[in-house]
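See structure below.
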Amino acid sequence: MNKFSAISDWVLLFAFAAAVYSMPIWLEPLGADYPDLMQRFAIFGLFAIGYNILFGLTGYLSFGHAAFLGIGSYTAVWSFKLLTMNVVPAIMFSMLVTALFAVVIGFISLRRSGIYFSILTLAFAQMSYKLAYSVLTPITNGETGLQLTLSDARVLDAAAGIEVTRSLPVTNFFGIKMSGMPGFYFCATVLVIGFFISLRIFRSPFGAMLRGIKSNQTRMAYTGLNTKPYLLWAFIISGMYAGVAGGLMAVTDPLAGAERMQWTASGEVVLMTILGGVGTLLGPFIGAAVIKYFENILSAYNTTSLTQVFDFVPEALQPIVVDVVSLFVGSGWHLTLGLMFMITVIFLPGGIMEGVRRIGSIFSRKKPTAAITSTPSASENASGA
Amino acid sequence: MDAIFLQVLNGLDKGGAYALIALGLTLVFGTLGVVNFAHGALFMLGAFCAVSVQKVLTISTKVRDESITFFEAYKEVPILEAKFPVVGGFIVDYSVPFSILLAIPFMLLVGLVMERGLIRHFYKRPHADQILVTFGLAIVIQEIVKHYFGASPIPQTAPDIVSGSANIGALVGLGDNVIYPWWRLIYLGFSLSIIGAVFAFLQFTTFGMVVRAGMQDREMVGLLGIDIQRRFTIVFGLAAVVAGLAGVMYTPIYPPDYNLGMDFLVLSFVVVVVGGMGSLGGAVLAGFLLGLVQSFASMTEVKSIIPGMDQIIIYLVAVIVLLVRPRGLMGRKGVMED
Amino acid sequence: MENTVLHVADVHKSFAGLHALSDIDLSVREGETHAIIGPNGAGKSTLLNVCIGRLKPDSGHVVFDGENLTGKQPHEINQLGVVRVFQTPEIFPELSLLENVMIPILAKRDGSFKLRWFRRFSSEKTARIEAEHLLSDLGMETLIRTDAGSLSRGDKRRLELAMGLAQKPRLLLLDEPTAGMARHDTNATIELLKRIKAGGMTKVIIEHDMHVVFSLADRISVLAGGRIICQGTPEEVKNDPRVKEAYLGEEQV
């Protein structure tokens, strides 16, 4: 059983990597094969995978992870402005700076649990958001957002003799420009690394302790474990994921705005995780991709295009139909998002992965003995499915 | 001295709005055990009751503008005012107070439907699920409002007679420098009387007694053979009405947009947590307290020492209170301590 | 005189004016099985909770092997080797039986915190073998992959016992280890506890079932109304008139 699950993890990792890298091919029939969207799949997938390490494993519901996303973005843009347009230092700094913030916020927030924890994280996120808009304007450039300028120092680039004269420089990975497809492949690589780390955490004793905390925290204490350091590490790690995701957003588009830190953005990552399946390995990525895909499709509609779509409807009814449908698409896309949120929580708390598993169990019911022997354990099965 | 007095008024004013929302939030949490993230959306719905009433009342028609004589000019005048110059004009002028008449039945209905249709099925679910599903609902409500009313704020006017400012300094003997908008004074009085009414209702009626008992020990009340379910529905409706009224009256102070609820939700949750989850008195106390704290933090004297203090002071206070007094100012033992 | 491992000295504890424990003086010697019996509401569980740090005594202190336990965090007390098996099963319902037992084993081995991300949980071989061994000792070898939450109440109690034993405690506190078990399970548990006893582990047992108490205990303390009214060997306790009075009609001693 041991070897089996070790091998199956590698299979899972390679399957995941293959699926991610081949996105340009298999997303083509869906009309989603352009770099900008695929970059978003990878970035938000990473964000959700990291969030899941906290929420999925420990059950602590943070409503403030968007703050880390924003911090990551600001840090990356500053790295572009001050040091170099190379993305590697930018991502590194995003990770480190976010980790610092996560240590402080996590240390304080984790002194409480349950809804109090949620409110504390929310309070910190709101503070960051408000500060980014007001006092911290010299760092964040307030409502305009932090942007590159021609007069930026870029010390390292300047030392290397790279001069910028006419147009704004482009982010690069040791010379490879990070726009378009190369940008996607870079994000995809970071995503695969992130997935790998998450996989190892899920399978490690550390992950088991986190699941123990979610299952029965009191018992953990009477088992001789101080749960706080475990929780804090989980918080920091998931914060770093968010920071890297924020950094990647700046890599693909070197601009950082405070709206990224708004608490509705935190809500979105919660939804991604839940929609895909809390506490599962693949679920958060699937949730993120599904949401970003539908956002992309649905928000593209407007009244004119809807009128074309509903051309077949009798003319008298057409305005009504268009009006009703337009509630859910275009700028009303968030309504669909809210509905998806509710429907998932009400009917499928386990998310898409749970749905897949239910369907799977219908088939496997025919040969129940095989299903039991090949299952490492119920919980491992849930996380590895 | 004058400045401090003004800030106190300002703080009480803000505090009144916080306290009203937090009161409903606490009531629902204490009795139903549900963490309702859609409560801010109810406040916002109340505000849009006022917007709708104003829109309906001011459906306009073109009439000849008599003040311009040398050519035929027309101006837009509300039909009501054109048809019944005296009564109509009065009603249009008082559209915000009149909205209360619409808001009470409407919010009650919204509350009842929400409880029956959704909240009821989440009594036994984990708090995280309750938060998530009501969060989803809040987005839905807010997007529907945005669809029909647009995204930009819609200013509302207070009735003419109280649209100016009161020379309150002269009234309390502080000289002529302290002036304060009438409507904000009215809002303060309004919130105080609503809070008083809710407390009186809970204190002096048998229904209120059952609700209070339910906040102490829900199972016990159920065991006494009281139909707790129906009362829960009514409590939820009541909380919705309180939030809605707070929203209606707030419109002349702050032009409502669809996002209004979210802003207030976060703040009022902070208020509830500071006051102590499940404590009504705590919610009111914390509401006024945080209102005052925020108002003083936005004085220029304070801002010059610690810039940005006004933006974050409430959250800062919440963090400190939660760490020093984990149960909040007046929280009871055993509430939400899993 | 044998070594005293656990010393409860002059402990008082009251809840809202009600004296739950007063003047408790108790010494548990190395290697012995010490039973605490008493009628309902005598303060037995309170005493146990004071010992593991779940409750703080109003005065007095609890000393384990020279270390004062009063005011220590639960996990610190556990790490000293004082392990409690709960009356209402405290397990990890979402995890498998194997994981349930492995977590305390790893906690014992790694101390409070060790970040091992790049190790596989399932390849912690020694821990796994140990856990499997323990579970089969308790007759649950066929269930190791099942979620603990789906067990019967009796099985949950046995799992708890396994989790407690997994930590190789120096002092094991058992809160009614056989309550809710069927007769033959009870006997199996007694047999198991006897085997541990042969291994020299110090145990404090709270128990209602006199059959269990008299087949295991070396010494017995009788608690009534928050005070220890009698202490001694099973023979002595059996013949003490005060005990009969305290138990009047409740139990056939």
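Chain letters run A, B, ... following the sequence lines, proteins first and then strands; every chain starts at 1. Here the structure is a predicted model, which means the values were calculated and not measured.
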**Study point:** Between CH2 on residue A:W10 and CD1 on residue A:I7, distance to nearest 0.5 Å
**Key:** 11.5 Å
Check your understanding: Checking ring pair (Phe, Tyr, Trp, His ring centres under 6.0 Å) against A:F235, which of A:F68, A:F107, A:Y230 comes through?
Key -> A:F68
Check your understanding: So which part of C:Q73 gets closer than 4.5 Å to some heavy atom of chain A, the side chain, the backbone, both or neither?
Key -> neither
**Study point:** CD1 on A:I43 to SG on A:C187, rounded to 0.5 Å
**Key:** 4.0 Å
Check your understanding: If we ignore angles and hydrogens, is there a donor and acceptor under 3.5 Å between the side chains of C:H34 and C:E32?
Key -> yes
Check your understanding: Going by atom types alone, do C:R84 and C:N78 pair a side-chain donor with an acceptor below 3.5 Å?
Key -> no
Point to revise | Rounded distance (nearest 0.5 Å) linking atom CG of A:L231 with atom NZ of A:K214 | key: 12.5 Å
Check your understanding: Do you know which of C:V83, C:I91, C:I77 has the most heavy-atom pairs under 4.5 Å to chain A?
Key -> C:I91
Practice item. Take C:D137 and C:R195 through the salt bridge (charged side-chain N to carboxylate O under 4.0 Å, His left out) test and state the conclusion after the steps. Key: CA-CA 11 Å; C:D137 245 12; C:R195 249 186 297 152; 3.6 Å; yes
Exercise for review: Can you check whether anything in residues 215-222 of chain A gets within less than 4.5 Å of chain C, heavy-atom wise, and list it by number?
Suggested key: A:S215, A:N216, A:T218, A:R219, A:M220, A:A221, A:Y222
